[in-house]
Trainee: 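Here it is: the structure, laid out below.
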2 protein chains.
Amino acid sequence: MNTPTDHRWLDTEQQAAWRDFLEGVGRFQEVLVREHDRRLPLSVPEYDVLVQLSEQPDRSLRMSRLAERLAYSRSRVTHTVSRMERAGLVRRVAAAEDKRGVHCSMTDAGWHALVASAPTHVDIVRTYLVDVLTRDELLSLGAAMARVRDACAAALA
Amino acid sequence: MNTPTDHRWLDTEQQAAWRDFLEGVGRFQEVLVREHDRRLPLSVPEYDVLVQLSEQPDRSLRMSRLAERLAYSRSRVTHTVSRMERAGLVRRVAAAEDKRGVHCSMTDAGWHALVASAPTHVDIVRTYLVDVLTRDELLSLGAAMARVRDACAAALA
DNA sequence: TCGGTTCAGTTGTATGTTCAACCAATACAG
DNA sequence: CTGTATTGGTTGAACATACAACTGAACCGA
């Protein structure tokens, strides 16, 4: 474990790579949000919630699982789900097994919204990320970020 | 130019890589913010502003340049700089050459805060990103994200 | 040099996110 | 059992961000 007082600075190449990473992520997220707003009826967080739900066999997930998977705070999930519920995209269902629990369940309207949005979403991801890289670059990028994710997850655990 | 109706889905490998990317970025940003709040007196946006300023010979930058470089909206820069001005980290200076312009200039307090924070900031970046990857992986990551950044910047221009 | 247009930045307002306090249900030690 | 700690989720207020409207300055074609 290295302490801050180690003063282990990054060398020039490392600094450049880190900077490119920061800028690339920043610009990409900016474009993603912009294109979503411009071309789709779902915001990025709403889309992400629906994707998570759609992957469950019963198209529903407990609030806390949703928070974990999206790396959102519990309160954020509460508010976001409330808005989506008002918009008819999801529905809250009391948990049968644990009376504290609440399941967030995708409605048909939510499902249709997701299906309608997916092609455009994929198109955006392609245009600004996937198609910009070679296949090998993309796969390396994924592998590297998976390691980063795991390192971070370990720290949060 | 491909339209959304092309339905050019991602294959399994591409999907996995995209997902790993999303999750990795998400977790990393989460940890970065958390560790900043926990160990440093500067938030991430404040730190980023100071880094930009510190790279200028006169330690100051016009509001609009700052917005461009950080990929922030102009209004966000206005508010963020106002908060930082209140905290004594930066100072607004009327532009001599263009009476519309405003320069955001780092104060000595801002400089000291940055210098004091940098080692810990680097330590965080190392722990959760740089040291998790081999040198080659890091450099490839940087190269890939630089391409993504350029593709996005071209779209915004 | 006038009139329109663009540009730099701020302001007000709506929206989204976080934080801390809270309630209710569960788990668990004694 | 009983009291205490923990967990799941919500609430409301503070805070941050986005968006649109606005002011004043600069630019530019006629």
Side-chain angles (χ1 to χ4, degrees), chain A residues 26-27 29-38 40-49 52-53 60-87 89-105 156-157, chain B residues 26 29-38 41-49 52-53 60-87 89-105 156-157:
Chain A
R27 297 293 172 183
Q29 289 185 334
E30 183 187 359
V31 168
L32 183 63
V33 168
R34 237 189 31 146
E35 294 292 280
H36 249 265
D37 289 351
R38 200 168 66 77
L40 293 174
L42 295 173
S43 72
V44 174
E46 286 171 349
Y47 185 87
D48 290 342
V49 166
Q52 292 298 329
L53 296 179
S60 91
L61 214 44
R62 281 191 63 158
M63 298 294 275
S64 45
R65 299 289 165 214
L66 207 45
E68 279 169 25
R69 290 179 169 245
L70 294 169
Y72 287 180
S73 68
R74 269 177 292 133
S75 149
R76 180 174 180 180
V77 170
T78 294
H79 290 304
T80 301
V81 166
S82 297
R83 287 189 292 269
M84 294 178 70
E85 197 172 24
R86 235 173 285 132
L89 298 169
V90 301
R91 187 175 33 237
R92 274 185 172 84
V93 181
E97 68 291 2
D98 181 344
K99 285 178 186 167
R100 293 171 300 183
V102 174
H103 289 272
C104 174
S105 171
L156 297 179
Chain B
Q29 290 185 336
E30 184 187 359
V31 169
L32 183 63
V33 167
R34 242 195 19 154
E35 293 292 279
H36 250 265
D37 289 352
R38 200 168 65 78
L42 295 173
S43 72
V44 174
E46 287 171 348
Y47 185 87
D48 289 342
V49 166
Q52 291 298 330
L53 295 179
S60 91
L61 215 44
R62 281 189 62 156
M63 299 293 275
S64 45
R65 300 290 163 211
L66 207 46
E68 281 169 23
R69 289 178 169 246
L70 295 169
Y72 287 0
S73 69
R74 270 174 299 141
S75 145
R76 180 174 180 182
V77 170
T78 294
H79 289 302
T80 302
V81 166
S82 296
R83 286 189 293 269
M84 295 178 71
E85 198 173 22
R86 235 174 285 132
L89 298 168
V90 300
R91 186 174 36 235
R92 276 185 171 86
V93 181
E97 68 290 3
D98 183 343
K99 286 179 185 165
R100 292 172 302 186
V102 174
H103 289 273
C104 173
S105 172
L156 296 179

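Numbered from 1 within each chain, the chains take letters A, B, ... in sequence-line order.
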Trainee: In whole angstrom, give the distance that lies between atom CD of A:Glu97 and atom P of C:dA25.
Mentor: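 The distance from CD of A:Glu97 to P of C:dA25 comes to 15 Å, rounded to the nearest Å.
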
Trainee: Would you list the pairs meeting salt bridge (charged side-chain N to carboxylate O under 4.0 Å, His left out) in which at least one residue belongs to residues 68-81 of chain A, sequence neighbours left out?
Mentor: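 Pairs touching residues 68-81 of chain A that pass the test: A:Arg65-A:Glu68.
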
Trainee: Going 5' to 3' along nucleotides 9-18 of chain C, which nucleotides have protein heavy atoms under 4.0 Å from the base (write B), which only from the sugar-phosphate (write S), and which from neither (write -)?
Mentor: BBBB---SBB

Trainee: For the residue pair B:His36 and B:Leu42, what are the closest heavy atoms and their distance?
Mentor: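 Heavy atoms only, the tightest pair is ND1-O, 2.9 Å.
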
Trainee: Is there a side-chain contact between A:Val31 and A:Arg34 (heavy atoms, below 4.5 Å)?
Mentor: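 With C-beta onward as the side chain, the pair stays apart.
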
Trainee: Do A:Leu66 and A:Val81 come within less than 4.5 Å of each other through their side chains, counting heavy atoms only?
Mentor: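 The answer is yes; the side chains approach within 4.5 Å.
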
Trainee: Got a second to check how far A:Met63's CE is from A:Leu61's CG, nearest 0.5 Å?
Mentor: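 Between A:Met63 CE and A:Leu61 CG, I get 10.5 Å after rounding to 0.5 Å.
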
Trainee: Checking A:Ser64 now: which residues fulfil side-chain contact (heavy atoms from CB on, under 4.5 Å) with it, not counting sequence neighbours?
Mentor: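 Scan of A:Ser64 (side-chain contact (heavy atoms from CB on, under 4.5 Å), adjacent residues dropped) gives A:Arg62.
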
Trainee: Contact between A:Cys104 and A:Leu53 at the side-chain level, heavy atoms closer than 4.5 Å - yes or no?
Mentor: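 Yes - at least one pair of side-chain heavy atoms lies under 4.5 Å apart.
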
Trainee: Give me the bend of the helix from C:dT1-D:dA30 to C:dG30-D:dC1, using the axes of the five pairs at each end, rounded to 10°.
Mentor: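 Both end axes considered, the difference amounts to 30°.
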
Trainee: Check every nucleotide of DNA chain D for an atom under 4.0 Å from a heavy-atom of chain A, then give the first and the last such nucleotide from 5' to 3'.
Mentor: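 So the contact region on DNA chain D extends D:dT7 to D:dC19.
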
Trainee: Working to the nearest 0.5 Å, report the span between CG of B:Leu70 and CD of B:Gln52.
Mentor: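 It is 5.0 Å, given to the nearest 0.5 Å.
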
Trainee: Is the closest basic N to carboxylate O distance between A:Glu85 and A:Arg92 below 4.0 Å?
Mentor: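 Answer for the salt bridge query: yes.
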
Trainee: Going by the rule salt bridge (charged side-chain N to carboxylate O under 4.0 Å, His left out), which residues pair with B:Arg38 if we only count those two or more places apart in sequence or in a different chain?
Mentor: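 Partners of B:Arg38 under the salt bridge (charged side-chain N to carboxylate O under 4.0 Å, His left out) test: B:Glu35.
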
